[in-house]
Structure formats: C-alpha cells, structure tokens
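Read the structure below first, then the notes.
Chain naming here is simple, since letters A, B, ... match the order of the sequence lines and numbering starts at 1 in each.
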Amino acid sequence: MKFSKTLINWYSINKRDLPWRKTTNPYYIWLSEIILQQTQVKQGLPYYDAFTAKYPTVFDLANANESAVLKLWQGLGYYSRARNLHATAKHIAFDLGGKFPNTYKDLLKLKGVGDYTASAIASICFNEVTAVVDGNVYRVLSRYFGISTAINSTPGAKEFKQLAQKLIDTKQPAEFNQAIMEFGATQCKPKNPDCDTCPFNSSCIALSKNTISELPVKIKAAKAKKKHFNFLVFISEDEKTIIEQRQGKGIWQNLYQFPLIETEKATNFKSFKSLIKDHELLTNQDFELLLYNKEAVVHKLSHQHLYTHFWIIKVDKLPINGINIENVRDFPVPILIGDFIERFNF
DNA sequence: AATGCGGGGGA
DNA sequence: TCCCCAGCATT
C-alpha cells in the first residue's frame with residue numbers, strides 16, 4: 001500500500017483527542033503551533049487552554065500588554081516565541097484587519113513563523129499541499145528510508161523537505177501532515193519505538209538493517225557553559241523590593257528578575273559582602289546580608305548551566321522606587337526566579 | 001554554517 | 001548524564 005495511505009489509516013485509528021484538532025480557525029492553529037515548537041504536547045496543552053481562554057480572538061491578544069503575554073507564557077521557555085506571538089497578533093489585527101494570511105508564502109513572512117509553522121497552518125487551515133518537517137518527520141523518514149544525512153545540516157533540511165513533499169497526499173495534506181507527526185510522537189518514538197505493532201515493519205529500512213537506534217543522525221551540540229549568578233533580593237523596612245526588566249539580547253529577554261551580579265566563580269559570603277559594599281543600590285547605607293541558599297541552585301538551559309545564589313539584603317530604605325513585595329508575583333519571571341519566590345514566601 | 005534560546009521528561 | 005521535544009532568528 002502507498003506510504004500515505006498506510007499512514008493516514010494508522011492516524012484515523014490512533015490519533016489523540018486534542019483541542020486544536022477540533023478547529024481549522026487559523027488563529028487557534030497558529031497559537032497551537034507556536035506553543036508546540038520544541039515543546040511536547042503534554043507540556044504545551046495547559047498553555048494552549050490558558051491562552052485561548054484569556055485571548056479568544058487575535059484582537060484580544062493584540063490588545064494585551066507584552067508583560068501580560070509573557071506572564072501567561074511564564075515557565076514555557078523560549079520567550080522569543082511569546083514576544084513574536086504578540087507582535088504578530090498586533091500586525092494581523094491592526095495592519096491586516098484581523099484577516100490571517102492564507103498561503104504558505106505569506107505565512108512565512110510573519111515573525112516567529114518559519115518553514116514548519118507556515119506549512120502546518122497552510123495545510124491544516126487552507127488545504128495547501130505543503131509538507132511539514134519537524135523532529136517527528138525527520139525521525140520517521142530517516143528510519144523508514146534508512147537516510148543518514150544529518151537532520152540539522154543544510155543538505156539534510158533540503159533532502160527531508162523534498163522527500164516529505166513527494167510523499168504527501170495531495171488530496172489530504174492536512175491529514176497527512178498531522179498523521180506523520182502523530183506517528184513519530186507516539187509510535188516511532190526516539191527511544192524504544194513500538195516496531196512490533198508498526199504498520200511499516202515489513203518495509204522499514206532501519207528495522208531491517210537494525211539501525212533504528214542510530215537514526216536519525218544529528219550533529220552534536222556544544223556543551224553548556226557554566227555561569228555564576230548572584231541575585232540581590234532587597235527587603236526594606238517598608239516591605240519593598242527591587243526587580244528589573246532584562247534588556248538586551250541574551251536569555252529571558254524582557255522578563256523580570258532581582259538585580260543580578262554575575263561572577264567568574266562561585267563566591268563566599270565574605271568576598272561577596274565586600275563586592276557589593278559599594279553597589280549603587282546600597283548608597284553607602286548599612287545593610288544586613290543573608291545567604292538564602294548555601295548550596296548553589298543549578299538551573300540548566302540548553303547552552304548554559306547557571307549556578308545560582310540568592311542573597312537577602314535588608315536595608316532601611318530603598319534608593320529607588322521599589323515594588324511592594326506582595327506584588328512580586330505579578331511580573332513575568334524566569335522559572336528559576338519564580339521557584340525562589342514561591343519557596344521564599346516573602 | 002553555526003550559535004543562542006527554556007524548561008520538562010524519559011531512559 | 002544525555003537526549004529529545006509539532007523550530008526560529010541572528011550572525
């Protein structure tokens with residue numbers, strides 16, 4: 001039987017019941033696709049529910065402040081997705097009159113929408129015959145056809161896109177695209193795929209050659225760098241603290257945090273106390289210093305391992321306008337800070 | 001072509 | 001530990 005027929009038949013029997021499968025409204029499909037970038041369904045699902053509940057239309061999302069959007073996104077990671085989501089909502093609502101682009105080519109112009117997402121929306125919402133290639137598709141095709149081209153290389157991206165485009169069912173592009181991703185997610189899994197019950201187990205090249213565990217081939221990423229973060233948790237007599245919005249390029253852009261001092265190495269109490277003695281936020285006043293966590297809290301990101309200490313600094317008065325400590329939970333913060341706020345319980 | 005960007009979960 | 005996840009933007 002044809003690859004696409006077998007696949008779509010498998011999908012009709014095995015597909016999960018997911019909320020974004022009950023609609024072809026491009027706003028909801030777009031929202032789900034952005035949330036699901038580099039994110040498992042299980043992790044993204046509650047965020048999809050929260051966003052559709054709070055922002056039922058693209059106009060609701062467009063009219064929100066960026067901080068409110070980031071707050072709802074808090075904990076999901078890759079925060080540029082949230083910033084681009086909000087910017088694109090404004091573009092669609094205010095420049096395009098709320099009308100979603102309806103071709104692969106035009107969708108690709110949107111901020112935060114690349115080849116995968118443009119293909120997903122174009123096929124699911126508008127029946128355009130354009131194949132999606134995500135991590136699932138790479139895995140399924142590399143195994144079934146025994147392809148060892150690195151999936152995270154330029155030749156690999158091109159080869160797999162062409163192959164997927166050749167295989168897609170031109171009469172049912174939406175079904176095909178969702179089927180191949182679902183198949184990769186639940187049957188042809190990264191570890192311990194269920195080959196015994198697989199409808200392709202008589203024709204899968206990797207299974208016949210016993211190379212399932214070697215495919216897909218991926219060029220290894222560089223190891224994460226270690227960094228040492230020291231957060232200054234000010235507490236004044238009138239129960240205020242200081243948080244700042246992160247600026248610039250790096251991690252957690254536009255999220256909030258306690259004032260940060262990054263050091264080359266881990267510091268001890270004594271040397272840190274002398275280090276901050278002349279800090280601008282202390283303005284030469286007396287302060288009481290307490291180290292909240294003796295053991296560093298290690299927060300692991302894809303490319304950085306953060307060794308973190310929270311320093312409690314009690315002062316009479318803040319030199320700038322702080323925020324009342326009971327309001328600290330209102331701001332979007334990285335999960336590292338959010339966990340501290342919960343545990344510390346101001 | 002290479003790098004940066006989160007956080008959670010599986011083995 | 002290491003790998004992966006309905007990838008994208010920047011350099």
Q: Hey, which sits more toward the 5' end of DNA chain C by its nearest nucleotide, Gly112(A) or Val41(A)?
A: Val41(A)

Q: Select from Leu108(A) and Pro216(A) the residue whose nearest nucleotide in DNA chain C is closer to the 5' end of that strand.
A: Pro216(A)

Q | Set of residues satisfying ring pair (Phe, Tyr, Trp, His ring centres under 6.0 Å) with respect to Trp311(A), sequence neighbours excluded | A | Phe272(A)

Q) How would you list, by chain and number, every residue that makes a ring pair (Phe, Tyr, Trp, His ring centres under 6.0 Å) with Phe258(A), sequence neighbours excluded? A) Phe340(A)

What does [X] touch in the nucleic acid at a heavy-atom separation under 4.0 angstrom: a base, only the sugar-phosphate, or nothing?
X         : result
Trp20(A)  : base
Lys189(A) : nothing
Lys42(A)  : nothing
Thr117(A) : sugar-phosphate
Arg16(A)  : nothing
Asn177(A) : nothing

Enumerate donor-acceptor pairs with a distance under 3.5 Å from any side-chain N or O in residues 212-220 of chain A to protein atoms, sequence neighbours excluded.
none

Could you tell me which residues satisfy salt bridge (charged side-chain N to carboxylate O under 4.0 Å, His left out) with [X], sequence neighbours excluded, listed by chain and number?
X         : answer
Asp115(A) : Lys161(A)
Arg21(A)  : Glu182(A)
Lys270(A) : none

Q | Ring centroid separation Phe287(A) to Phe234(A) under 6.0 Å | A | no

Q: Compute the ring centroids of Trp10(A) and Phe200(A), then answer whether they are less than 6.0 Å apart.
A: no

Q: At the 4.0 Å heavy-atom cut-off to chain A, mark where contacts on DNA chain C begin and end, going 5' to 3'.
A: dC2(C) to dT11(C)

Please state the [atom1] separation for the pair [N] and [M] - nearest whole angstrom.
N       : M      : atom1 : result
dT10(C) : dG7(B) : C1'   : 22 Å
dC4(C)  : dG6(B) : C1'   : 13 Å
dA6(C)  : dG4(B) : P     : 24 Å

Q) Between Ser123(A) and Glu128(A), does any side-chain donor sit less than 3.5 Å from a side-chain acceptor? A) no

Q: Kindly state which residues belonging to residues 123-140 of chain A come within less than 4.0 angstrom of DNA chain C, counting heavy atoms of the residue only, listed by number.
A: Asp134(A), Gly135(A), Asn136(A), Arg139(A)

**Q.** Pairs involving residues 285-308 of chain A, ordered by first then second residue, that meet side chain to side chain donor-acceptor pair (under 3.5 Å) (sequence neighbours left out)
**A.** none

Q. Which residue pairs pass the side chain to side chain donor-acceptor pair (under 3.5 Å) test when at least one of the two sits in residues 33-48 of chain A, sequence neighbours left out?
A. Glu33(A)-Tyr116(A), Gln37(A)-Thr117(A), Thr39(A)-Arg81(A)

For nucleotides 4-7 of chain B, print each protein N/O atom paired with a nucleotide N/O atom at under 3.5 Å, atom names and distance only.
from	atom 1	to	atom 2	distance (Å)
dC5(B)	OP1	Ile251(A)	N	3.2
dC5(B)	OP2	Gln304(A)	NE2	2.7
dC5(B)	N3	Tyr78(A)	OH	3.4
dG6(B)	OP1	Tyr79(A)	N	3.1
dG6(B)	OP2	Trp252(A)	N	2.8
dG6(B)	O4'	Tyr78(A)	N	2.9
dG6(B)	N7	Tyr78(A)	OH	3.2
dG6(B)	N7	Ser302(A)	OG	2.9
dG6(B)	O6	Tyr78(A)	OH	3.1
dG6(B)	N1	Gln38(A)	O	3.1
dG6(B)	N2	Gln38(A)	O	3.4
dG6(B)	N2	Thr39(A)	OG1	3.3
dG6(B)	N2	Leu76(A)	O	3.2
dG7(B)	OP1	Tyr79(A)	OH	3.0
dG7(B)	OP1	Ile335(A)	N	3.1
dG7(B)	OP2	Trp252(A)	NE1	3.4
dG7(B)	OP2	His299(A)	NE2	2.4
dG7(B)	N2	Gln43(A)	OE1	3.3

Q. How many Å lie between CD1 on Ile219(A) and C1' on dT3(B), as a whole number?
A. 13 Å

**Q.** Complement of dG6(B), any strand, by Watson-Crick or G-U distances under 3.5 angstrom
**A.** none

Please set out all donor-acceptor pairs under 3.5 angstrom arising from side-chain atoms of residues 322-339 of chain A, sequence neighbours excluded.
from	atom 1	to	atom 2	distance (Å)
Arg329(A)	NE	Glu342(A)	OE2	3.3

